[in-house]
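First comes the structure, then the notes that go with it.
When reading the values below, keep in mind they use all heavy atoms of this one structure, side chains included, and skip hydrogens, waters and symmetry mates. Just so it is clear: chains get the letters A, B, ... in the order the sequence lines come, proteins before strands, and each one is counted from 1.
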Protein chains: 2
Amino acid sequence: MNEEQNIFHKYLEKHDLRDTPQRELILQIFLRREGHISAEQLYDIVKKRDPSIGQATVYRVLKLLIEAGLAREIDFGDGVIRYEHKYNHPHHDHLVCRGCGKTLEVVDSVIEELQKRVAESYGFELTDHEMYLYGYCENCRQKRQ
Amino acid sequence: MNEEQNIFHKYLEKHDLRDTPQRELILQIFLRREGHISAEQLYDIVKKRDPSIGQATVYRVLKLLIEAGLAREIDFGDGVIRYEHKYNHPHHDHLVCRGCGKTLEVVDSVIEELQKRVAESYGFELTDHEMYLYGYCENCRQKRQ
DNA sequence: ATTGTAATTGATAATCATTATCATTAGCAA
DNA sequence: TTGCTAATGATAATGATTATCAATTACAAT
Ligand SMILES: [Mn+2]
Ligand SMILES: [Mn+2]
Ligand SMILES: [Zn+2]
Ligand SMILES: [Zn+2]
């Protein structure tokens, strides 16, 4: 049993939630996938293993994973929320190609520090932030010419 | 006739679009309001002046304003797109209070420069970005204790 | 093992901002 | 005026997500 599973089971126990095969299956599949996945994409994979699972359950489990600290929401502004691993996957921002949609995870400690300073200069205590950098990747730039 | 109106009329002419009282009214009301406004909020104000206007038209005019370079979309992630003035209102980011929802417009030239560098270090040519800083304002911090 | 109870599930309806459709109306150039 | 399109308003549709609810199930206590 890996660490994430452990955290999930502890979370269930602590909140009087029950350990069901649906929750286990959805957890497994989420953990195996790296990257950013939408509820629908996850549901499509889950269905293959157990066609009787409803998509409402996928949404419900994703909420649990967030509360348990195992998942984090990403909003690229296209109307679909995606989810990524949070455990052992520290904060980062995203660089997104407007041509092909490719995303890279980036972090710059100087920017992070300056964000805190900017907030403080307005009397704010910064809790978190979102930063999306949009542009064209090398591939897409070459194709454009 | 102010500069924004001029730009709007030029845009209409250039694209074989017609000058209608609905477009004029919605433009006027948008221009008078500073800050961030949703389509529904704008529609509520428009209705008071002309109850016969449909909300679809408000959505349509907002699209035109964006294409004409007079408006810009803001997405605070709450499921509602807001609009702000773009003309004579250069790029900036937003500092948002998680307590009271107050927003401040901020810009830090060092951050802007570093964003470009980060993107370039991955072979990207940066076109634009979004940055939202979330935290608690001074008021809300005092109330919390 | 059985039971009781409250949590969970899947199907389905509802939500809600935004977009599409379409018949009617109205700019505007000739 | 007229004719050609664009524009409008009412309404339906969309699509991701959430709510509802009857039936099922986990699980702790017997
Ligand atoms: Mn990521
Ligand atoms: Mn702003
Ligand atoms: Zn690309
Ligand atoms: Zn506040």
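- Atoms CG (A/L17) and C1' (D/dT25) sit 15 Å apart, rounded to a whole Å.
- C/dT18 atom C1' lies 15 Å from atom CG of B/L42, rounded to whole Å.
- Taking side-chain N and O atoms only, A/Y59 has no distance below 4.0 Å to OP1 or OP2 of D/dT18.
- Side-chain nitrogen and oxygen atoms of B/Q22 include none within less than 4.0 Å of the OP1 or OP2 phosphate oxygen of D/dA7.
- Here A/R60 lies in heavy-atom contact (under 4.0 Å) with a base.
- For the pair B/C97/A/F124, a side-chain contact is recorded, criterion being any heavy-atom separation below 4.5 Å from C-beta on.
- Side-chain atoms of B/E138 and A/Y122 include no donor-acceptor pair closer than 3.5 Å.
- B/L62 has its CG atom 13 Å from the P atom of D/dT8, to the nearest Å.
- A side-chain donor from one of A/E112 and A/H91 sits under 3.5 Å from a side-chain acceptor of the other.
- Contact annotation for B/S52: backbone-only contact, meaning every heavy-atom pair under 4.0 Å involves sugar-phosphate atoms and none involves a base.
- Of the side-chain N and O atoms in A/T57, one or more sit less than 4.0 angstrom from OP1 or OP2 of C/dG10.
- Not one side-chain nitrogen or oxygen of B/S38 sits closer than 4.0 Å to the OP1 or OP2 atom of C/dA17.
- Once rounded to the nearest 0.5 Å, the distance linking OH of A/Y136 with CD of B/E125 reads 9.5 Å.
- If you take CG of A/L12 and P of C/dT8, they are 8 Å apart, rounded to a whole angstrom.
- Rounded to an integer number of Å, the gap from A/L64 CG to D/dT18 P is 13 Å.
- Between B/K63 and the phosphate of C/dT19, there is a side-chain N or O to OP1/OP2 separation shorter than 4.0 Å.
- As judged by a 4.0 angstrom heavy-atom cut-off over every strand, A/P21 is placed among residues touching the sugar-phosphate backbone only.
- Side chains of A/H36 and A/Q41: no donor on one and acceptor on the other come within 3.5 Å.
- Following rounding to the nearest Å, B/Q55 (CD) and C/dC16 (P) show an atom-to-atom distance of 13 Å.
- Donor-acceptor pairing under 3.5 Å, judged by distance alone, is present between the side chain of A/R18 and the base of C/dA6.
- As rounded to whole Å, 17 Å separates atom P of C/dG27 from atom CD of B/E13.
- Summarising the geometry, the separation between CG on A/D19 and C1' on D/dC27 is reported as 11 Å, rounded to the nearest angstrom.
- The listed nucleotides are C/dT18, D/dT8, D/dA10; the one nearest the side chain of B/A56 is D/dA10.
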* To do: With ring pair (Phe, Tyr, Trp, His ring centres under 6.0 Å) as the test, would you mind laying out the steps for B/F76 and B/Y132 before giving the verdict?
  => CA-CA 8 Å; B/F76 288 118; B/Y132 295 95; 5.6 Å; yes
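- Judged purely by distance below 3.5 Å, without hydrogens or angles, the side chains of B/H92 and B/E84 pair a donor atom with an acceptor atom.
- A/H85 places a side-chain N or O within 3.5 Å of a backbone atom of A/R33 that can act as its donor or acceptor partner.
- Neither OP1 nor OP2 of C/dG27 sits under 4.0 Å from any side-chain N or O of B/R23.
- For DNA chain C, the neighbouring residues in residues 75-84 of chain B, judged by any heavy atom under 4.0 Å, are B/G79, B/V80, B/I81.
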